[in-house]
Amino acid sequence: MKQLDFYGSKRITWPGLLAVFVCGCLLLSLGRLYANNLGTLITTMLVGPLACAAAGLVLFQTDLARRLEFRLLLGILAVVFLSSMLNEKFYGAFADNRNDLFVLATLIFACFALCFVLPKERRSSSLNGLIDVSAAVVAVTALIGVALAASGRYVRPAFLPEYGIGVCPENVVMGADGRLVLFTHPNSVGMICEVVLLLSVYRILTARRPAVQWLHGASAVVCYCALALAASRTATIATAGGLGLYAFRLVLLGGRPTGNTRRITRWIGAIAALIAVFFAAFLLNGLLCDLLLSFSPENAASAAAVTAAE
């Protein structure tokens, strides 16, 4: 792979433009919560075509195509593309799925590829910076939402046409009654908090400064509380699975195994840790939801409690 001069030169290079593009995509992902129609139009007219152009640069200017994880992502993209093209009765018209395909292409050829495009000495710091900013934004928003939910309050700013923040009252949006909303649907809240929670755990395990570990520990706790109140089954299962995989890796790679017997014992212990953490994280989610709702006035908590029980 030819070394690309990005940070050591004042010239504008394509890796630098790709980094700016990724930052724009992150802002757009938040902007679509407030102006979905405009965000969809920008995805169709600008982001999607630029992501396809970036795909050519990434494939021909880097060695990313040789990596197994990238090939798996390309396989997923191919399956989704062919499925949506051939199974119109299941997916709907192909044109209706265009933006979803553009988003998937953007994630693979821009967001995922950016780390491998940057110089090696900049990759870890860039990744950590993105995680820190994401955790700060999501954790602060989630903390406000959890506090409002625990007090039985719901706030909807005038500039937001659909969702506010807090426990969503009845008959606002289908599937959101009595669940935590953070300016978006509870299922999206669960997904966002799940991702940030797992990334915060990664920073706890890899950061060297105690202050960073404590801050991300607080972020993980807040996101887990928000996840519990969002009552999203898919996000809850994904979170439990992610934490279980962390436990599996820590047990499996901890220490220095000597001999086959020790290695087999470690595999058994790692699998047991995965199962134990998975069920503990999953069951604790429901208990935490009940605990947080117990602080709310009875009339505000009733709908949320029914939703969580279901």
Side-chain angles (χ1 to χ4, degrees), residues 7 16 18-35 39 47 103 106-107 110-112 114-115 118 121-151 153-157 159-160 163-167 179-230 232 235-236 238-240 242-243 246 281 285 288-289 292:
Y7 288 94
L18 184 63
V20 174
F21 177 63
V22 170
C23 292
C25 291
L26 292 175
L27 294 176
L28 178 63
S29 67
L30 295 175
R32 291 185 69 176
L33 300 178
Y34 307 99
V47 173
V103 169
T106 304
L107 291 173
C111 298
F112 178 82
L114 178 62
C115 177
L118 296 176
E121 63 273 12
R122 295 285 184 174
R123 292 177 183 176
S124 295
S125 59
S126 299
L127 175 63
N128 292 338
L130 289 172
I131 294 175
D132 294 345
V133 173
S134 300
V137 173
V138 173
V140 170
T141 307
L143 180 61
I144 296 172
V146 170
L148 290 173
S151 62
R153 299 177 61 192
Y154 177 76
V155 178
R156 185 174 69 84
F159 59 86
L160 289 178
Y163 298 103
I165 182 170
V167 172
R179 300 164 65 187
L180 179 67
V181 295
L182 302 177
F183 308 122
T184 186
H185 193 275
N187 291 340
S188 298
V189 172
M191 177 193 68
I192 294 168
C193 290
E194 168 230 333
V195 172
V196 172
L197 188 156
L198 295 177
L199 290 175
S200 289
V201 174
Y202 164 79
R203 290 288 280 137
I204 293 172
L205 297 174
T206 58
R208 296 181 179 180
R209 291 184 293 177
V212 174
Q213 295 175 322
W214 280 103
L215 287 173
H216 278 282
S219 168
V221 171
V222 170
C223 287
Y224 191 77
C225 292
L227 178 66
L229 289 171
S232 173
T236 301
T239 300
L243 293 175
Y246 274 126
N285 186 273
L288 183 59
C289 180
L292 292 171

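Just so it is clear, the structure is predicted and the values come from calculations on it, not from any experiment. We're numbering straight along the sequence, starting at 1.
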Q.
Tell me every residue that passes ring pair (Phe, Tyr, Trp, His ring centres under 6.0 Å) with Y202, counting only those two or more places apart in sequence or in another chain.
A. none
Q. Can you check whether L227 reaches L288 side chain to side chain, under 4.5 Å on heavy atoms?
A. no
Q: Kindly determine whether S232 and V189 satisfy side-chain contact (heavy atoms from CB on, under 4.5 Å), including the steps that lead there.
A: CA-CA 8 Å; S232 173; V189 172; over 6 Å; no
Q. Can you list every pair that meets side-chain hydrogen bond (donor to acceptor under 3.5 Å, both in side chains) and has a residue in residues 191-200, with sequence neighbours left out?
A. S200-H216, S200-S219
Q) What heavy-atom pair brings Q213 and I204 nearest, and what distance separates the two atoms? A) NE2-O, 3.0 Å
(Q) Could you measure the distance from the CG atom of L127 to the CG atom of D132? Nearest 0.5 Å is fine. (A) 9.0 Å
Q: Among residues two or more places apart or on two chains, list those pairs meeting salt bridge (Lys or Arg N to Asp or Glu O under 4.0 Å) that have a residue in residues 210-229.
A: none
(Q) Show the nearest heavy-atom pair for residues L148 and G166, with the distance to one decimal. (A) CB-CA, 4.2 Å
Q) Can you name the closest pair of heavy atoms from V138 and C223 and give their distance? A) CG1-SG, 4.1 Å
Q) Do you know the tightest heavy-atom contact between F183 and T141? A) CE1-CG2, 4.1 Å
Q | Test side-chain contact (heavy atoms from CB on, under 4.5 Å) applied to L18 and F21, step by step | A | CA-CA 5 Å; L18 184 63; F21 177 63; 4.3 Å; yes
Q) Where the side chain of Y246 meets the backbone of L198, is there a donor-acceptor pair that is under 3.5 Å apart? A) yes
Q. With no hydrogens and no angle check, is any side-chain donor or acceptor of Y224 less than 3.5 Å from a backbone partner on A281?
A. yes
Q | Exercise: identify the closest heavy-atom pair between A142 and L182 | A | CA-CD1, 3.8 Å
Q | Check: P186 and L180 side chains under 4.5 Å, non-hydrogen atoms | A | no
Q | Closest contact, heavy atoms only, S134 versus V196 | A | O-CG2, 4.4 Å
